[in-house]
Amino acid sequence: MTNAQIAKLFRNIAAAYIIKDEKKFRFQIIAYQKAADAIAHLNTEVADYYKNNELDTIPGVGASIKSHLEELFKKGKVKHFEWVLKGTPEALFTLLDIPTFGPKKAYKLVRHFDLKNPKTVIDDLEKLAKKGKIAELPSFGEKSQSDILRAIDEYRHGVGKTTRMVLPYAAEVADKIVNYLKGSKDVIRVEPLGSLRRQVATIGDIDLAVASKNPKEVIDYFVKCPFSERLIEKGTITASILVSGGRQIDLMIQPPESFGSLLQHFTGSKDHNVHLRELALKKHLSLSEYGIKKNGKLQKYDTEEKFYKALDLQWIPPEMREDTGEIELAEKHRLPKLIEINDIKGDLHTHSNYPIEPSHDLGVSSMEEMLKMAKSLNYEYIGFSEHNPSISKHTNQRIYEILKKRSEKIEHILESIKNVRVFKLLEIDILPPGKLAIDDKSLDLLDGAVVSIHSVFSMNRNKMTERILNGLSHKKAKILGHPTGRMLNLRSGYDLDWNRIFEFCKKYHKALEINSWPNRLDLPDQIIRRAVEADVKMVINTDSHRVAQMELMRYGVSLARRGWAKKSDILNTLGYNDFSKWLKS
DNA sequence: GCCGTTTTCGGCCCGACTGTTTTCAGTCG
């Protein structure tokens, strides 16, 4: 069973409990929903957690759910789940996939109309709505009937189900709306919040916060946004619209004196906020987007710093707000100082257009252009790491000649450029048996290499780990490129034995790459966090194939921050001499 | 069902908006 399937099963369990007795099972419902969310966000298959006997390390999975999962993997079914699900018509679960359908509404409909077939339930419901049958039901009316028809239509067209946006793309979409909002005289400040502010690798909805003294005017202006395809809802301080591609934009407004509370509230994450509010309750405080209530009296906060301070907490960087221990550290004022973009001294994974006759794609910008960009980014150094010359088209001798020529070209450039230093690197394929694609004689021409997997991704955990460790064992192999091979929205990464990889990297002075390429953003933040804890060094690279892409470094830095990486965890924060020394280590 | 630097028992966030209810239920974030 995939993680998505298990998450859906758990959501069904929660829904079935709601139908059974929402009050009685209140906390089971929360528990299963929480576990479902956690599992949906894992980058490792739950089946692998099971195999490694690590199920209880999944947040929200305790003794009970653990034993149910074990039963699920052993027998393919769970007695307790069958008991919970019994009595809830299967067709209900299909309806839950449609936005605006919750358990109660779905239950009323499938029960009243006796809808039994989960495969046809949506079509059946549509027919009933078209005949006007739904409006006749108690607690339904004409409006809810037409809303149901539209919800079904949008669901069929994939609205709300469209793949999540990769972070840099979401930032672009948000920028457009932010610029539009800045055109209103009533908007004092506007900020993208939610998962975008937390810099999550993929973004669903876009959340925007506005500071304004005239919320009504701002809302009227917002819903007239030229990108808007449909108004979803519109109130006194919030509104939501649907823009092209089925993307939802949520707007929330507070006056400037409460903007700090709004920033905090709307940035989330949900888990972070829930934990924060529970903590506040113990201090007899109640938190909301309006501020902090004490003895029924509301105190407003214009900045987030003041808001957190009022709770005796250090201000927590948005990237850390996932309720994975950051609140506890903020209480002790012991949050790590996270790496920042200005700490970066160089980019070690760039593909120029040098005609290296590579195995994979060549860059489109010249070495000179890339050096110029490196300088404008205030870098001390850059590493050229084009793909190795194709091994199917060239002999080893020919590869050596190509690389020799490239070295000469680099040395020639360096004579005219004084302020940026260059490392002669190469991105080398780790072949399926674990051998590097080029031989020692050619490797000798390099200062070091980024080694990566570019073929045969479907190996099991042990084999893939062996393959990578073999590839990394060459003295010149210093950086493991895009370590999990994940392509966001396309394929999940291969599973690796991280503890073995970490141990090897520490022992032999190897670094894991944090790849800033928008569709990769690889390493995943949870693995970065584990690497930081294991004191394994990393390098943040862009994998640029053209100059403009070198500016994507900030997304790699965001990813590192989400993994709680400090400057000292990232090797390309070192100056040229120190980095050079490490390459030779 | 989960979880823990006030607790292994006894807690478990807070609010906006809509449609259909004439005071609230359901969904969402």
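Side-chain atoms are counted along with the backbone in the values below, which use heavy atoms only and exclude waters and symmetry mates. Protein chains get the first letters and strands the later ones, always in sequence-line order, with residue 1 at the start of each.
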query = To the nearest Å, how far apart are Leu92(A) CG and dG26(B) P?
reply = 13 Å
key: Sugar-phosphate only, base, or nothing, as touched by Ser286(A) at under 4.0 Å among non-hydrogen atoms   = sugar-phosphate
inquiry  = What's the gap between dC13(B) and dG29(B) when it is taken at their C1' atoms, as a whole Å value?
reply    = 12 Å
ask   = When the aromatic ring centroids of Tyr301(A) and Tyr308(A) are compared, is their separation below 6.0 Å?
value = no
query = Asp271(A) has an atom CG; how far is it from atom C1' of dC2(B), in whole Å?
reply = 12 Å
key: Lys104(A) to Tyr107(A) six-membered ring, cation-pi geometry met (6.0 Å, 45°)   = no
request  = Would you mind classifying the nucleic acid contact of Ala280(A) as base, sugar-phosphate or nothing, using non-hydrogen atoms under 4.0 angstrom?
outcome  = nothing
Lys270(A) side-chain N/O to dG29(B) phosphate OP1/OP2 under 4.0 Å = no
query = What residues, two or more places apart in sequence or in another chain, satisfy side-chain hydrogen bond (donor to acceptor under 3.5 Å, both in side chains) together with Lys283(A)?
reply = none
Between dG29(B) (C1') and Ile206(A) (CD1): distance, integer Å = 15 Å
message = Do Ser212(A) and Asp186(A) pair up side chain to side chain, a donor and an acceptor below 3.5 Å, judged on atom types alone?
response = no
note = Leu313(A) CG to dT5(B) C1', in whole Å, measures 14 Å
remark   = Assign each of Ile58(A) and Phe266(A) the nucleotide of DNA chain B bearing its closest heavy atom; nearer the 5' end lies the nucleotide of Ile58(A)
query = Are Asp37(A) and Lys34(A) within salt-bridge range, i.e. N to O under 4.0 Å?
reply = no
ask   = What is the nucleic acid contact for Leu276(A), judged by heavy atoms within less than 4.0 Å: base, sugar-phosphate only, or nothing?
value = nothing
task = Can you sort out which residues in residues 5-37 of chain A have a heavy atom within less than 4.0 Å of DNA chain B? Ascending by number, please.
result = Tyr17(A), Phe27(A), Gln28(A), Ala31(A), Tyr32(A)
task = Let me know the distance between CG of Leu279(A) and P of dC3(B), rounded to the nearest Å.
result = 17 Å
ask   = Does dT8(B) have a Watson-Crick or wobble mate here (both distances under 3.5 Å), and if so which one?
value = none
query = So, is His265(A) near the phosphate of dC13(B), with a side-chain N or O under 4.0 Å from OP1 or OP2?
reply = no
task = Counting heavy atoms from C-beta on, name the nucleotide in dC13(B), dG1(B), dG29(B) closest to the side chain of Gln248(A).
result = dG29(B)
key: Side chain of His80(A) (C-beta onward), nearest among dG1(B), dC13(B), dG26(B)   = dG1(B)
remark   = Closest to the side chain of Ile65(A), out of dG15(B), dG29(B), dC2(B), is dC2(B)
inquiry  = Regarding Asp250(A) and Gln248(A), do their side chains bring together a donor and an acceptor under 3.5 Å, going by distance alone?
reply    = yes
message = Rounded to whole Å, please give me the gap between CD in Gln264(A) and P in dC14(B).
response = 13 Å
ask   = Side chains of Thr267(A) and Arg197(A): is there a donor and an acceptor less than 3.5 Å apart?
value = yes
query = How far, in whole Å, is dT8(B) from dC17(B) if one measures between their C1' atoms?
reply = 41 Å
task = Classify the nucleic acid contact of Asp205(A) as base, sugar-phosphate or nothing, counting any heavy atom under 4.0 Å across all strands shown.
result = sugar-phosphate
inquiry  = Distance check, P atoms only: dG26(B) and dT20(B), in whole angstrom units.
reply    = 14 Å
Polar contact flag, side-chain donor to acceptor under 3.5 angstrom, Thr2(A)-Gln5(A) = yes
ask   = Rounded to whole angstroms, how far apart are NE2 on His68(A) and P on dC2(B)?
value = 8 Å
Could you go over nucleotides 16-20 of chain B and give all protein N or O partners under 3.5 Å, atom names and distances?
residue	atom	partner	partner atom	Å
dA16(B)	OP1	Tyr290(A)	OH	2.2
dA16(B)	O3'	Thr238(A)	OG1	3.3
dC17(B)	OP1	Thr236(A)	N	2.7
dC17(B)	OP1	Ile237(A)	N	3.0
dC17(B)	OP1	Thr238(A)	N	3.0
dC17(B)	OP1	Thr238(A)	OG1	3.3
dC17(B)	OP2	Thr236(A)	OG1	3.4
dT18(B)	OP1	Lys234(A)	N	2.9
dT18(B)	OP1	Lys234(A)	O	2.8
dT18(B)	OP2	Lys234(A)	O	3.3
dG19(B)	OP1	Lys143(A)	NZ	2.7
dT20(B)	OP1	Gly141(A)	N	2.7
dT20(B)	OP1	Gly141(A)	O	3.4
dT20(B)	OP1	Ser144(A)	N	3.2
dT20(B)	OP1	Ser144(A)	OG	2.7

remark   = Test salt bridge (Lys or Arg N to Asp or Glu O under 4.0 Å), reference Glu319(A), set Arg562(A), Arg554(A), Arg561(A), output is Arg561(A)
inquiry  = Please confirm whether the shortest side-chain N or O distance from Lys282(A) to OP1 or OP2 of dC13(B) is below 4.0 Å.
reply    = no
Same-atom distance (C1') from dT6(B) to dG10(B), integer angstrom = 13 Å
note = When rounded to whole Å, the CG to C1' distance for the pair Asp323(A) and dC13(B) reads 12 Å
request  = Please evaluate the base of dT6(B) for a donor-acceptor partner in the side chain of Lys283(A) within a cut-off of under 3.5 Å?
outcome  = no
request  = Please work out whether the ring planes of Tyr17(A) and Tyr32(A) are parallel, tilted or perpendicular, with thresholds of 30° and 60°.
outcome  = tilted
query = If you draw the axis of the six-membered ring of Phe25(A), does the NZ or CZ of Lys20(A) fall within 45° of it and under 6.0 Å from the ring centre?
reply = no
task = Select from Glu328(A) and Lys293(A) the residue whose nearest nucleotide in DNA chain B is closer to the 5' end of that strand.
result = Glu328(A)
